[in-house]
Protein chains: 2
Amino acid sequence: MTTDLPAKRARLRDDLILAAEAAIAAGGLSALKARTLAETAGCAVGAIYNVFPDLDALIFAVNARTLEKLDAVLAATIRPDTDPETAMRRLALAYHGFSRAERRRWTAVFAHQIPDGSSPPDWYLGVVGKLFRHIEGPLAALLPDATPEVRGGLARTLFSATHGIVSLGLEEKLGPAPDEVIAQALVVMTRSWVLGLPGAVAPR
Amino acid sequence: MTTDLPAKRARLRDDLILAAEAAIAAGGLSALKARTLAETAGCAVGAIYNVFPDLDALIFAVNARTLEKLDAVLAATIRPDTDPETAMRRLALAYHGFSRAERRRWTAVFAHQIPDGSSPPDWYLGVVGKLFRHIEGPLAALLPDATPEVRGGLARTLFSATHGIVSLGLEEKLGPAPDEVIAQALVVMTRSWVLGLPGAVAPR
DNA sequence: AGCGATTTTTGAACGCCGTTCAAATTTTTC
DNA sequence: GAAAAATTTGAACGGCGTTCAAAAATCGCT
């Protein structure tokens, strides 16, 4: 019985990601411990470092999965021909809903701090980048004259703004913030974009 | 020479806050170490815990100072009679500028994660809450018919959205984000609010 | 001023963490 | 089947926040 070397490594890799994901879902980023992880995945502590350079890399793998799941949720949210306001509102509310449903996993994506000089791996930024494209459809309908560059930049801006509202609400960094209040804020915000953006991007 | 008991404690408290602030400004939240702190402030490690229940409490004290400083910057940014668009744009750009000038201290405010169940102390939320009031002036000029409650909620929303744009830009969580790009995004965003909010808050 | 009671300060020690690396084990090669 | 190479192992390391028995300082009283 030849257990196929690289396949065994790949299986351990998957087991570790699943174990890490479960730990994060149960207790947040700070609940991720090398020793617990090794026990859950059924390997020695040192084995983790045969597959990942450090726990940060493992966290990136988990966070990428969370982002992929969010991507799928957003993709299922709108049809291509939905009008811009409905589409933007649904996207924002879907984002909010996901962040509530997957509270800890989603928080981990943004709470994860990497050492000062370094930046996220390229493959990871690619996964992040896919998220913006959902907004680009509605934006194109709303701003037919905008260049793809302008639209791309704007998609990023709207994503960031939505993220700010959802994120500060979820972590309650600004005080209590009930679900319904956040949702209403998102509705007003998206409505304001639909009314204001066409004039705002046009040159003076 | 009676060295006045409570005064000595207060002095140590201040020394610790200053030492912590310097550590954070030099190397971020993760550079805050109890032993280094004690040495800088000229006390024993255990003495920290005579003044603060734990390092989290000390971090709140530092972050409150940072927020007070931001509050002062925002207060100096606009005159009472500035038109809404100019005021909002200046506030957003001032927020962005502060986050760049005080990169590490500002990052510490939002990167600071408290244990799962607990929430920030009330006095701290009070300091945070003061920040929103700067937006309320311009908002009142823009939406004369809005109730104070609506204005208050909206101020929070706009703050959160601005924060999202500045924050994701600064941490480069979505990829590279040069200063000028972020600033331009804020200009478009505030312009869109001025054009769109009056219609967006009005009932259908 | 003297001296026992009380409070405050001290820093070695504790438990836990991510990570390493010499040794044990497994797999490959001939 | 045995020697060589590659992989896996887990005790050990250095560093962390926090604690707490002991030491030092201060207070209360005569």
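Note on naming: letters A, B, ... go to the chains in the order of the sequence lines (proteins, then strands), and numbering restarts at 1 for each one. As the structure is a prediction and not an experimental result, all values here were calculated from the model.
Aromatic ring centroids of A/H134 and A/F159 lie 6.0 Å or more apart.
Here the nucleotide nearest the side chain of A/D54, chosen from D/dT9, D/dT18, C/dT19, is C/dT19. Of the candidates C/dT20, D/dT9, C/dG11, the closest approach to any side-chain atom of B/A44 belongs to C/dG11. The B/R9 side chain lies nearest to C/dT8 when the options are C/dT8, D/dG10, C/dG11. Between C/dC17, D/dT19, C/dT19, one nucleotide has an atom nearer to the side chain of A/K33 than all others, and that is C/dC17.
Remark: P of D/dT7 and CG of A/L12 are 13 Å apart, rounded to the nearest angstrom. Rounded to an integer number of Å, the gap from CG of B/L37 to P of C/dT10 is 14 Å. Between the CG atom of B/L58 and the P atom of D/dC16 there is a distance of 16 Å, rounded to whole Å. One atom, CD1 of B/I48, and another, P of D/dT18, lie 9 Å apart when rounded to the nearest Å. Rounding to whole angstrom units, CZ of residue B/R11 and P of C/dT9 are separated by 12 Å. If you measure from atom CZ of A/R13 to atom C1' of D/dT7, you get 18 Å, rounded to the nearest angstrom. If you measure from atom CG of A/D56 to atom C1' of C/dT19, you get 12 Å, rounded to the nearest angstrom. Spacing between atom CD1 of B/I114 and atom C1' of D/dG17 amounts to 18 Å, rounded to whole angstrom units.
Among the atoms of the strands shown, only primed sugar atoms or phosphate atoms (P, OP1, OP2) are found under 4.0 Å from some heavy atom of B/L32.
Note on ring orientation: taking the six-membered ring where Trp is involved, the planes of A/F60 and A/H112 are perpendicular (angle over 60°, cut-offs 30° and 60°).
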Verdict with supporting geometry, A/W106 and A/H96, ring pair (Phe, Tyr, Trp, His ring centres under 6.0 Å): CA-CA 10 Å; A/W106 185 82; A/H96 180 226; 9.3 Å; no

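Annotation: the span from B/T190 atom OG1 to B/L91 atom CG amounts to 9.5 Å, rounded to 0.5 Å.
Summarising the local packing, CG of A/D81 is surrounded by more than 12 heavy atoms from other residues, nucleotides or ligands at distances under 6.0 Å.
Comparing A/R35 and A/A47 by the nucleotide of DNA chain D that holds the closest heavy atom to each, the one mapping nearer the 5' end is A/A47.
Within the structure, a side-chain polar atom (N or O) of B/N50 is placed less than 4.0 Å from OP1 or OP2 of C/dT9.
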